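Okay, structure first, notes after.
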Amino acid sequence: VSLQMMKHAWDNYKRYAWGLNELKPISKQGHSSNLFGNIQGATIVDALDTLYIMEMKEEFKEAKEWVEKNLDFNVNAEISVFEVNIRFVGGLLSAYYLSGEEIFRKKAVELGEKLLPAFNTPTGIPWALLNIKSGIGRNWPWASGGSSILAEFGTLHLEFIHLSHLSGNLLFAEKVMNIRKVLNRLDKPEGLYPNYLNPSSGQWGQHHVSIGGLGDSFYEYLLKAWLMSGKTDEEGRKMYYDAVQAIETHLIRKSSGGLTYIAEWKGGLLEHKMGHLTCFAGGMFALGADGAPNDKTGHHIELGAEIARTCHESYDRTSMKLGPEAFRFDGGVEAIATRQNEKYYILRPEVIETYMYMWRLTHDPKYRQWGWEAVEALEKYCRVDGGYSGIRDVYNNHQSHDDVQQSFFLSETLKYLYLLFSEDDLLPFEHWVFNTEAHPLPVLHKDDGNKEENQK
Ligand code: DMJ
């Protein structure tokens, strides 16, 4: 089924928005997100590995030809370093490792080099935004006192390690290792990592902590850096388990109805809200269970299972059976969005991602059932003639589409669905880690040798 869904999403993108970043499935035209500046083709690059994995060979071939002929980074564009890294660099790296086609390696390294000027700050903590022509960077104007964002500068590690591995240029790895050094020098409030860090002063901005937006994939990349290193990166491992310990103590709570959730922390005060983005953490806890210190393996699996259940409830308690952007545990509600501007669903993957990890790690059939419920809801409410669209209010039976087919729907949501219903030996966890945009990267073993050897 996810294969048919992919076909529908891809065919319509191709028909109405080919070469542009994303598809507007209702108005049947292209959508240009400013996250990628003038870099084009986000959906194509994000979808490459999904096409490959689903064995959509014709489509993969035409996508590859587009990359060869049209993917151009010599543009005057201000881009989001994080978004371009996870979608474009990550997408190209996976396409290279899966297919062995040199063009993808070349483009990934070329783009990686364009991102390097972002690190030209007093601390080496990169800017959020970078003009890839001039090399001038800056931060989001809304971010606390000129800060860079934890989930942005903390989500470069996996791709940059692979860029060094594939290019022989050690600068990439040095840049991301330096980020850790800066973080490890700083005092952390209650052992927690604030979402904001000023790249000039090297000091934290506002003490807001989140495992959802602005924080999320930083934690994910600590764990995955350790896994991707063949479990040799002890620093990554320690940072991950220490962070989880602090998160458990200060952010994880149980509602009176028995639902475990991860709250947000604002200078010591809890906001009892959990974002859809935060739901990825169920899968992360389960994935990290194996290496958990002090006999805590079972506990981390259990934590993953509880977060999965809570996130499933957030879907089940809507009329469309698709989860809201954020849900709350206060004012008498549990796992329900109370604010109008938190009731939307934009085809996000995190809940299905967690089902996939929980399925692989426990084989409890309920995760496939829950995944199936999501498929039915996507087909019923998000599928339109021109592709798949997000929904403005999942509590309202009257459909209101947002008219965007997000590129991560093809790279993540559909890939995780496909994996949920595949055998475990498709991209097995011993050999692959998924970047935060679901692009698989191979585990690097110490004896993997150099680039030449790897290409044989
Ligand atoms: C994706 O780009 C990535 O999963 C990122 O980590 C968070 N936001 C979207 C999906 O929701």
Side-chain angles (χ1 to χ4, degrees), residues 9 21-23 31 33-36 39 41-50 79-94 128 140 149-160 193 195 210-225 262 264 274-284 287 307 311 314-315 322-327 342 344-357 374 378 382 388-391 394 402 404-417 419 433-441:
N21 280 327
E22 290 173 320
L23 165 69
H31 174 247
S33 158
N34 55 6
L35 297 172
F36 319 117
I39 301 182
T43 295
I44 298 180
V45 178
D46 235 359
L48 279 165
D49 54 8
T50 308
I79 51 106
S80 153
V81 174
F82 160 77
E83 295 288 354
V84 165
N85 176 61
I86 65 169
R87 302 193 203 209
F88 284 83
V89 178
L92 291 164
L93 286 172
S94 284
W140 298 107
I149 306 287
L150 183 69
E152 297 198 324
F153 65 76
T155 310
L156 305 169
H157 198 99
L158 304 182
E159 296 80 3
F160 275 51
Y193 289 87
N195 294 335
S210 172
I211 315 307
L214 309 184
D216 49 9
S217 42
F218 161 70
Y219 304 95
E220 174 185 359
Y221 271 36
L222 292 176
L223 171 63
K224 289 179 175 175
I262 313 179
E264 312 251 314
M274 185 164 167
H276 191 288
L277 290 163
T278 318
C279 288
F280 90 98
M284 177 179 75
L287 181 66
I307 299 298
C311 292
S314 81
Y315 275 47
L322 290 167
E325 180 67 6
F327 43 93
E342 295 174 348
Y344 63 89
Y345 172 68
I346 57 169
L347 305 173
R348 285 199 194 279
E350 292 77 16
V351 175
I352 291 168
E353 173 181 351
T354 278
Y355 296 162
M356 191 280 293
Y357 281 103
L378 285 166
C382 299
Y388 288 87
S389 169
I391 297 286
V394 289
D402 70 1
V404 182
Q405 178 175 285
Q406 304 281 344
S407 78
F408 53 67
F409 182 64
L410 293 89
S411 72
E412 295 198 68
T413 313
L414 294 178
K415 186 187 288 127
Y416 286 135
L417 274 175
L419 292 173
V433 297
F434 293 88
N435 91 339
T436 196
E437 189 79 358
H439 296 305
L441 299 171

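Each residue takes its place number in the sequence, starting with 1. Order of appearance sets the numbers: ligands from 1, and atoms from 1 within every ligand. Note that the coordinates shown come from a computational prediction; the quantities given were computed from them, not determined experimentally.
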Quiz item: So which heavy atom on S407 is nearest to which on D46, and how close?
Solution: OG-OD2, 2.7 Å

Self-check item: Inter-residue atom distance Q406.CD - R87.CZ, 0.5 Å rounding
Solution: 7.0 Å

Exercise. Using the six-membered ring wherever Trp is involved, compare the ring planes of Y357 and Y416 and label them parallel, tilted or perpendicular (cut-offs 30° and 60°).
Key: tilted

Quiz prompt | Shortest non-hydrogen separation from C279 to F327 and the atoms involved | solution = SG-CZ, 4.0 Å

Quiz prompt | Residue list, ring-ring contact (aromatic ring centres under 6.0 Å, His included) with Y345, at least two apart or on another chain | solution = H276

Quiz prompt | Candidate pair S389 and D402, rule side chain to side chain donor-acceptor pair (under 3.5 Å), full reasoning | solution = CA-CA 6 Å; S389 169; D402 70 1; 3.3 Å; yes

Self-check item: Protein residues having a heavy atom less than 4.0 Å from any atom of ligand 1
Solution: I86, R87, L277, R348, P349, E350, F408, E412, T436, E437

